[in-house]
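Chain letters run A, B, ... following the sequence lines, proteins first, then strands; residues in each count from 1.
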There are 2 protein chains.
Amino acid sequence: MFYICTENINTMNSLTEENYLKAIYKLVDGEKVAVTTNAIAEKMNTKAASVTDMLKKLSDKKLINYEKYYGVKLTAKGEKIALNIIRKHRLWEMFLVEKLEFGWDEVHELAEQLEHINSEKLVAQIDKFLDYPKVDPHGDPIPDSNGKLQIQKSALLSTFKKNEVCMMTGVVDHSPSFLQYLAKTELTLGSSIRISDINDFDRSLQIAIGKGKPFFISNEVAKNILASVK
Amino acid sequence: MFYICTENINTMNSLTEENYLKAIYKLVDGEKVAVTTNAIAEKMNTKAASVTDMLKKLSDKKLINYEKYYGVKLTAKGEKIALNIIRKHRLWEMFLVEKLEFGWDEVHELAEQLEHINSEKLVAQIDKFLDYPKVDPHGDPIPDSNGKLQIQKSALLSTFKKNEVCMMTGVVDHSPSFLQYLAKTELTLGSSIRISDINDFDRSLQIAIGKGKPFFISNEVAKNILASVK
DNA sequence: AATATTTTTTAGACTAGACTAAATTTTATT
DNA sequence: AATAAAATTTAGTCTAGTCTAAAAAATATT
């Protein structure tokens with residue numbers, strides 16, 4: 001059963017409130033479990049006591065369902081707001097990479113600022129300007145203006161078998177250091193990857209991109225690359 | 001005598017501090033007089049008492065010279081920060097109009113948000129993307145990255161004489177209603193204007209744009225249009 | 001020059017959001 | 001089941017920025 005939120009989400013929420021909603025959304029991550037106070041505190045780089053205060057506030061605003069000592073879930077409205085922020089974040093990242101020559105490892109922090117700019121028209125125009133992209137520079141799906149998210153079915157590169165061919169669709173680790181490492185290889189979104197060998201010793205892979213010559217990647221790297229069968 | 005600020009202006013200032021500095025800069029407007037507390041309060045839509053508090057704070061940070069009961073002036077550093085915000089504001093306005101199909105009457109509010117985004121690279125790239133514009137969509141000059149402002153020598157359209165030809169370079173009134181009025185005429189930045197007649201009765205003007213046919217504008221309108229001799 | 005008016009500042013209070021320390025509730029361990 | 005440990009909440013404090021009301025200084029008026 002699905003509830004779709006038709007409420008107007010463009011009531012003013014503070015920057016802090018928006019960041020809490022986003023953090024809760026990311027901690028839920030598809031699962032139906034309630035999010036704990038400590039988990040939010042860690043994600044927000046703040047203390048549990050501060051989180052409790054904010055949870056009361058968000059609960060009063062009907063953006064989360066909050067039960068003392070139990071945890072929180074987003075309401076339909078809260079989730080829609082969170083998805084709208086994520087939409088803006090990913091569209092801005094795409095804009096920075098596609099139009100302003102930013103590297104995919106340097107857009108995150110800046111998008112954290114830009115995602116809070118409040119203007120429906122701006123978002124719509126950026127979307128149009130980019131020709132309605134479906135994923136951001138890291139392969140993460142961009143929610144549509146109704147907060148609908150296209151779920152992409154991808155698996156970790158580490159789960160593919162020898163000689164299989166797949167296409168890189170995203171990354172798990174978004175850290176600049178990992179993205180910078182990838183930039184040194186030929187591994188980018190859309191790369192056609194063939195697993196030419198798997199080494200039993202350390203589970204490292206030998207892969208080839210397109211018709212290029214094979215090279216090694218560690219199992220650690222393979223576990224942070226998303227790919228879909230062709 | 002001119003003092004050029006070579007200090008790093010990228011120390012963090014709050015959004016509120018930035019808005020105060022901008023307000024003070026705009027109130028000084030080239031003149032050397034000190035700005036009064038009440039004037040700032042009015043511009044910031046706040047109360048004089050709140051302004052006094054902030055002036056102390058900005059004074060402690062060496063961004064303004066503040067003497068009790070006398071008024072304030074920006075220090076070189078304060079002025080540089082203000083100009084940097086104005087630079088960002090005008091570049092964003094230009095971006096919205098040139099790239100995202102915004103009208104010149106609807107960009108101001110949005111640019112008020114965008115001007116506080118903190119990223120040197122972003123500003124540099126937007127500037128480059130727009131091919132280093134010298135003026136914003138309203139004809140206001142865009143300060144360069146050192147905070148230098150190209151002063152444009154323009155006069156009010158109401159000061160020109162009969163049969164003179166000039167080019168529209170800007171507007172005095174930036175309100176959406178005035179800009180929307182102009183959009184209904186052919187008066188835009190760069191328009192070649194010939195004063196075909198001046199009516200003694202109400203000081204209204206008959207003007208022609210390029211080779212178009214003449215039409216009337218009130219003196220009130222003429223007083224809000226900037227133009228330079230060809 | 002004395003008084004009235006306006007402007008500005010001070011003093012004290014409020015809100016959002018954060019913190020520490022203490023209290024409470026839940027969960028884990030014996 | 002009793003107790004220990006961990007998680008969470010409460011209570012009280014702090015800062016930034018705002019406010020009102022009162023005090024002080026500057027300006028204007030008689």
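You'll find the side chain of B:Thr46 reaches within 4.5 Å of the side chain of B:Val51, heavy atoms only. The shortest distance between side-chain heavy atoms of A:Pro133 and A:Asp127 falls below 4.5 Å. Side chains of B:His116 and B:Asn19 form a contact here, defined as non-hydrogen atoms less than 4.5 Å apart.
Closest-nucleotide positions on DNA chain C for B:Lys56 and A:Ser14 were compared, and the one nearer the 5' end corresponds to B:Lys56.
If you check C:dA18, D:dT9, D:dT18 against the side chain of B:Met54, the one that comes closest is D:dT18.
Dashed line: the shortest gap from a side-chain N or O of B:Thr37 to OP1 or OP2 of C:dT9 is under 4.0 Å. Regarding contacts with the backbone of C:dT6, every side-chain N or O of B:Asn38 stays at 4.0 angstrom or more from both OP1 and OP2. Contact check, A:Tyr70 against D:dT9: no side-chain N or O comes under 4.0 Å of OP1 or OP2. Put simply, B:Lys68 has no side-chain N or O that comes within less than 4.0 Å of OP1 or OP2 on C:dT7.
Rounded to whole angstrom, the span from the CD atom of A:Glu17 across to the P atom of C:dA16 amounts to 9 Å. Straight-line distance from the OH atom of B:Tyr69 to the P atom of C:dT5: 19 Å, rounded to whole Å. Taking atom CG of residue A:Asn19 and atom P of nucleotide C:dA16, one finds them 18 Å apart after rounding to whole Å. One interatomic measurement links the two molecules: CG of A:Asp53 to P of C:dC19, which rounds to 10 Å at whole-angstrom precision. Distance, A:Glu42 CD to D:dT8 P: 12 Å, rounded to whole Å. If you measure from atom CG of B:Leu55 to atom C1' of D:dT18, you get 14 Å, rounded to the nearest angstrom.
Panel note: side chain B:Glu17, backbone B:Ser14; a donor-acceptor pair is recorded below 3.5 Å.
Aromatic ring orientation, A:Phe178 versus A:Tyr181: parallel (interplanar angle below 30°, classes split at 30° and 60°).
Within 4.0 Å of B:Tyr66, counting heavy atoms only, lie sugar-phosphate atoms of the nucleic acid but no base atom.
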Would you please test A:Tyr20 and A:Tyr66 for ring-ring contact (aromatic ring centres under 6.0 Å, His included) and show each step? CA-CA 13 Å; A:Tyr20 270 96; A:Tyr66 171 50; over 10 Å; no

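Residues B:His108 and B:His138 keep their aromatic ring centres 6.0 Å or farther apart.
Contacts between residues 43-52 of chain B and DNA chain C, defined by a heavy-atom separation under 4.0 Å, are made by B:Ala48, B:Ala49, B:Thr52.
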